Amino acid sequence: MRTARVRAPELQGRGWLNTGDKSYSIKDFRGRIVLLDFWTFCCINCLHVLDELRPLEEKYGDVLVVVGVHSPKFEHERDADALAAAVERYEVHHPVLDDPELHTWQQYAAKAWPTLSVVDPEGYVVAMMAGEGHAEGLDRLIEELIATHEAKGTLHRGDGPYVPPAEPATSLRFPGKAVVLDTGNLLVSDSARHSIVELAADGETVQRRIGSGERGHADGGPADARFAEPQGICPLPPHVAEIVGYDFVVADTVNHLLRGLRFDTGEVRTVAGTGRQWRSTVDDHPHDALSIDLSSPWDLAWYDDRVIVAMAGIHQLWWFDPIKRTAGMYAGTTVEALKDGPLDQVWMAQPSGLSVSMDGRRLWIADSETSALRFIEDGVMHTSVGQGLFDFGHVDGPADQALLQHPLGVCALPDGSVLIADTYNGAVRRFDPATGLVSTVADELAEPSDLVLTGDGDVLVVESAAHRLTRLAPGALSAAGASTVSGERHRTERPPTDLAAGTITLDVIFTPAPGQKLDESFGPSTRVVVSASPPELLLDGAGTSTDLSRELVLNPEVPAGVLQITAQAATCDAEAEHAACHLTRQDWGVPLRITPDGADRLPLILRGLDG
């Protein structure tokens, strides 16, 4: 889509990170190509984009300046210290503008996380695009901009403004998940150091490290194996481990792989995934585990006689059979929202924590982006706590009124209750199905991401942002040890889009990247799914279609709400003997307000490049 020649708005925010305390204006980058990445650190799609940009930053380091504009969704993400920790955790190696009030977000008319904006060396916006999967198109666009502006004499090469922060010396660095071994020791995913660590039973003393500590993908012994931000660890039943030759499965999150770990030797092997990120279509077929693409596997649990994978990157659960060496989809449709029911119909949002009840009947799930606690039993998913993508807080009491904030971990207890690592509230919460009540058992923790129950009945918390494991105080799990918190209720507030009641037109604008065309080889090339919160906001137009444009009918009796829209488009290389296939995908949650003078059209840009 060709855009008007518009001057890039100024960069406004609370401060800058990764610049050595220096502040920048958009004019300071004149003569360079600027790529603004509007992100928020809770968002898995934003984390995918960080990894997509790394090769571009390296390739074009003397002409390209990437600026992360952090535009928070959750209240916790507004905290400056939490942002600084996230920038370190995810190895963000470019300047980041802290924009807690979304000033720059609004100036650039962003409507979704992530959104990318490209500014040419003369200071004009030449491209806007939402979602992930744009690396190849950006590569071609940057090459075109280099050629154009070198010819005009408006391109200036040189060093970038990035200044790396100092890294503190700690045994662990942003640990993610943990499991207890039969010996009482623990295995912990040391995510920011790209390795697996065995700790003594005290939760502190390092016994050994598996993995070189460098980001990458390599099988081999403990000194040679490489991971990329590993998370969940799942012990296999002994009879299964004996057959397959390894004892644990590791969610190698950023590599989009599952890795098998043999405990006695520390040998690591790849057991599922190709290393490519999943960009395909939903199906219910088993696939060869080493030939199927995965997307940010975040946690693992042995349930229903196989490994269940919290596939955070596409809002689903998958399964992996180590003996048959097959994998497939278990629950979810890839639509990012909250809907219960039969497993092939449910909607999830970045599931990030799994735990199986002691009787093996229930699989508990921390569904992070809906701030929800959910469970599967007898082939049906239910929500115990949580109200949707945009409602969160720290509120205890009856489960239908309680609120969490981006939980990442769960731990089923012998009495049938479940603990929740309520990450962005810095708390451990407890839900008791017998009473239907939620309580707080510990707070003032630094981004707890997992919980484990020891053989002695103690609970250890993976306190990720404090780089340690913490033992809950004795008695914390008793009725007397819990407290009832009535904190603030939050709803994600972004500037609403004013729309008219009645019939409006939704237009998802998609232009293939340079050198690509829409691909109908495997069926329709486009797909759009529309729903609303509350559901009664939409009188007509909900559901799935292959048209990028459709009419919606908005209820005049509902003054405000959120339209939830998922769009994807399949493309392939236009002129290549062996054309590569690509899938561009984005989820929008568009807050809207019904007003008499509101617009009758809602345009959303899936990909827009100025040719």
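The structure displayed is predicted, hence computed values, not measured ones.
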**Message:** I'd like to know if the side chain of N255 and the backbone of L257 have a donor-acceptor N/O pair within less than 3.5 Å.
**Reply:** no
- Message: Treating E77 as the side-chain partner and F74 as the backbone partner, does any N or O pair qualify as donor plus acceptor under 3.5 Å?
- Response: yes
| field | Close side-chain approach of V309 and W298, heavy atoms under 4.5 Å | value | no
What one should report as the nearest heavy-atom pair of A84 and L17 is CA-CD2, 3.4 Å
So is K111 actually on top of F38's ring, under 6.0 Å and inside 45° of the axis? no
- Message: Are the side chains of S449 and F174 in contact, using a 4.5 Å heavy-atom criterion?
- Response: no
- Could you tell me whether a side-chain N or O of D79 sits under 3.5 Å from a main-chain N or O of A82, the two making a donor and an acceptor? yes
From the list L138, L36, V34, L64, side chain to side chain contact (heavy atoms under 4.5 Å, CB included) with V118 holds only for L138
Problem set entry | Donor-acceptor side-chain pairing of N555 and E536 below 3.5 angstrom | no
### Query
Under 4.5 Å between any side-chain heavy atoms of V49 and N45, yes or no?
no
S545 side chain to R527 side chain, donor-acceptor N/O pair below 3.5 angstrom: no
For the rings on W113 and W105, is their centre-to-centre separation under 6.0 Å?
yes
Heavy-atom closest pair (S368 atom, P407 atom, distance to 0.1 Å) is CB-O, 3.2 Å
Problem set entry | Minimum side-chain heavy-atom gap R89-S464 below 4.5 Å | yes
| said: Test your reading of the model: is there a side-chain donor-acceptor pair from D190 to the backbone of R193, 3.5 Å cut-off? | reply: no
Salt bridge flag under 4.0 Å for residues R140 and E144
no
Test item: side-chain donor near acceptor, E229 and T253, under 3.5 Å: no
- Using 4.0 Å as the upper bound for N to carboxylate O, is an ion pair formed by E122 and R30? no
Between R78 and E75, is there a side-chain N and carboxylate O pair less than 4.0 Å apart? yes
Practice task
Using distance alone, with no hydrogens and no angle criterion, decide if Q277 and H48 have a side-chain donor and acceptor under 3.5 Å apart.
Solution key: yes
Quick one about E369 and H406 (side-chain donor to acceptor, distance below 3.5 Å, no hydrogens or angles considered), yes or no?
yes
Quiz item: Is any NZ, NE, NH1 or NH2 atom of the basic residue among D99 and R14 found under 4.0 Å from an Asp or Glu carboxylate oxygen of the other?
Solution: no
Any side-chain heavy-atom pair of S71 and T40 under 4.5 Å: no
Looking only at heavy atoms, the pair that brings P556 and L539 closest together is CD-CD1, 4.3 Å
Any heavy-atom pair between the side chains of Y24 and T19 that's under 4.5 Å? yes
**Item:** Output field: ring centroids F41/H70 closer than 6.0 Å
**Value:** yes
- Just by distance, do the side chain of K73 and the backbone of L389 share a donor-acceptor pair under 3.5 Å? yes
Are a donor atom and an acceptor atom from the side chains of T154 and H149 found within less than 3.5 Å of each other?
yes
Do T423 and Q405 have side-chain atoms, one donor and one acceptor, less than 3.5 Å apart?
no
In short, P114 meets D37 closest at the heavy-atom pair CB-OD1, 4.2 Å
K152 atom NZ, over 12 foreign heavy atoms within 6.0 Å: yes
Subject >> Test side-chain contact (heavy atoms from CB on, under 4.5 Å) applied to V65 and L35, step by step >> reply: CA-CA 6 Å; V65 175; L35 174 56; over 6 Å; no
Will you find, in the side chains of H94 and E57, an N or O donor that is under 3.5 Å from an N or O acceptor?
-> yes
Note to self: Can you tell whether the side chains of R157 and E150 come within less than 4.0 Å, N to carboxylate O?
What the structure shows: yes
| message | Side chains of Y90 and D51: any donor to acceptor distance under 3.5 Å? | response | no
Salt-bridge present (R550, D547; N to O < 4.0 Å): no
Chi angles and distances behind the side-chain contact (heavy atoms from CB on, under 4.5 Å) call for L538, L554
CA-CA 5 Å; L538 265 181; L554 302 180; 4.0 Å; yes
Looking only at heavy atoms, the pair that brings P351 and D367 closest together is N-OD1, 3.5 Å
ask   = Any side-chain heavy atom of L506 sitting closer than 4.5 Å to one from S549?
value = no
For D283, does the CG atom have more than 12 heavy-atom neighbours from other residues, nucleotides or ligands under 6.0 Å away? yes
(Q) Determine whether the aromatic ring centres of residues Y162 and H93 are separated by less than 6.0 angstrom. (A) yes
Q. Does any N or O in the side chain of D252 come within less than 3.5 Å of the main-chain N or O of A228, such that one atom is a donor and the other an acceptor?
A. yes
- Verify, without hydrogens or angle tests, whether Q316 (side chain) and G332 (backbone) share a donor-acceptor contact under 3.5 angstrom. yes
Check: Side chains of S531 and Q564: do they bring a donor and an acceptor to under 3.5 Å?
Finding: yes
* **NZ/NE/NH1/NH2 to OD/OE distance under 4.0 Å, E88 and R173** => yes
Q. Is the side chain of H194 donor-acceptor paired with the backbone N or O of E214 at a distance under 3.5 Å, no angle test?
A. no
Does any N or O in the side chain of Q568 come within less than 3.5 Å of the main-chain N or O of V528, such that one atom is a donor and the other an acceptor?
-> no
Exercise. In sequence, state the C-alpha distance, the side-chain angles, and the governing distance for L602 and I565, and then conclude on side-chain contact (heavy atoms from CB on, under 4.5 Å).
Key: CA-CA 11 Å; L602 176 61; I565 302 157; 4.2 Å; yes
message: Is the positively charged end of R215 above the ring of F227, judged by distance under 6.0 angstrom from the centroid and angle within 45° of the axis?
response: no
Notebook entry, point to check: Just by distance, do the side chain of E52 and the backbone of G133 share a donor-acceptor pair under 3.5 Å?
Noted result: yes
> So do P165 and N18 actually touch side chain to side chain, heavy atoms under 4.5 Å?
Replying inline: yes
| task | Using the side-chain contact (heavy atoms from CB on, under 4.5 Å) rule, take D507 and L604 through it: C-alpha gap first, then chi angles, then the decisive distance, then the call. | result | CA-CA 6 Å; D507 282 323; L604 297 173; over 6 Å; no
Do other residues, nucleotides or ligands put more than 12 heavy atoms under 6.0 Å from K59 NZ? yes
